[in-house]
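Heavy atoms only: backbone and side chains are in, while hydrogens, waters and symmetry mates are out. Just so we're on the same page: letters track the sequence lines, and every chain starts at 1.
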Amino acid sequence: MEVVFLLWAQIRIAAGRDRIRMTVPAGATVSSAVDRLYAEHPSLERFRTTVRVAVGNEYATPDRILEPDEEISLIPPVQGG
Amino acid sequence: MEVVFLLWAQIRIAAGRDRIRMTVPAGATVSSAVDRLYAEHPSLERFRTTVRVAVGNEYATPDRILEPDEEISLIPPVQGG
Amino acid sequence: MEEAAATIRVEVREGALSIEPVRLEEPGRDGAAVVFHGIVRGQENGARIEAIEYECHVAMARVQLERIARRIARAHALSELVVLHRIGVVPVGETSLYLCAVSPHRPSAFAAAQELIEELKRDVPIWKHARGAHGIRER
Amino acid sequence: MEEAAATIRVEVREGALSIEPVRLEEPGRDGAAVVFHGIVRGQENGARIEAIEYECHVAMARVQLERIARRIARAHALSELVVLHRIGVVPVGETSLYLCAVSPHRPSAFAAAQELIEELKRDVPIWKHARGAHGIRER
């Protein structure tokens, strides 16, 4: 199935684009999809320790099971206010 | 010499007036004047432990020397805001 | 610029407060404005009231409040500090205390506002008298 | 009355914020209103800037901010809570974050305002990009 990574702020800038579509096995977890993203895009690996992951509009745990076409956001440290 | 006590809030209400003129010896301190006030007006004595004393626009220490016609305020716990 | 003295406005008087929208004197310098309204509530010690009458040693209150404001503005490196205290009769629902602290930084604006209120409530000679529905009051 | 749910308004959008003077829904109930303006400063990491461009995951930001607001309003028994976050380009000197917490009591209004800002700065997906005098920016 396909999922979509949404890239934000410095990750978006580093990647040069704001989304990456990716194919993952049905029933994939957040952590397996994220691992695959970093494997396919090693230049983004350096953000791994600082980003939080959201699915749709909610922060997600690594074991969260993904549905087809869900949007996975990589959230670097936020700076609102 | 004469000094003036200004009475505020519950002290003013208890005394039924907002000022009391009093004669004190030249060179009298705040504490000696206040002692004399309570001696002459024993019904006000009960406020002694809760009031703070000001001379003019400033809180005053007990050993502050009074000048003629200075205004001594008995300040019950304040409630602004 | 942060070393310059703050602009301070302190008022203690009767009648509705002259509250203006927050306007920065020097745009670019300040990152935070904290505003507080202290408002007369409709209850005092469990009884319904219509207004509070604030009694005040006006001359002393101005001196004390001005000094508190100056000390706090300096301690927290504020840019601007406005403190307005209404006295006399203040109806329920109206503002008795207005405060605005402007600062380059958020934590100092919040700390200054809260400290100022604490010190005002400790040292500024103002007293409350509840006014009930029938104008009954204690003096 | 203090048990009733608070009135909450949360907005995350472009363009100048619709800031209204504090008006109480139920006069008599509330004793305190705390207002905060977060304002764009003219410096970012030591360099002069002209504006901040706020990038935002808008749908998620609204959900997160709404939840934070609801949790804090309940925790502090607020009567009213308004949180407005401007995104897109915000010029120096203008408000990017506006907040108003109304409560029966002063300490809860102050605590709520400060907690809300802390949680917003931790969880709401908004990012800053400095815009210099010549429109230079990083994307």
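- Between C/Met60 and B/Glu58, the closest side-chain pair of non-hydrogen atoms is not below 4.5 Å.
- The nearest pair of heavy atoms linking B/Val78 to C/Leu120 is CG2-O, 4.2 Å.
- Of all the heavy atoms in B/Gly81 and C/Ser96, the pair that sits closest is O-OG, 3.1 Å.
- Put simply, NE2 on C/His129 and CD on B/Gln79 are 7.5 Å apart, with the number rounded to the nearest 0.5 Å.
- Each of C/His57, C/Arg62, C/Arg67 was compared with B/Asn57 under the side chain to side chain contact (heavy atoms under 4.5 Å, CB included) criterion, and only C/His57 meets it.
- At a threshold of 4.5 Å between non-hydrogen side-chain atoms, the residues C/Trp127 and B/Pro76 count as touching.
- Contact residues of residues 11-22 of chain C toward chain B are absent (heavy-atom distance under 4.5 Å).
- Of the listed residues C/Val124, C/Ile39, C/Leu99, C/Ile52, the one with more heavy-atom pairs under 4.5 angstrom with chain B than any other is C/Val124.
- Within residues 28-56 of chain B, the residues having any heavy atom closer than 4.5 Å to a heavy atom of chain C are B/Arg52, B/Ala54, B/Gly56, listed by residue number.
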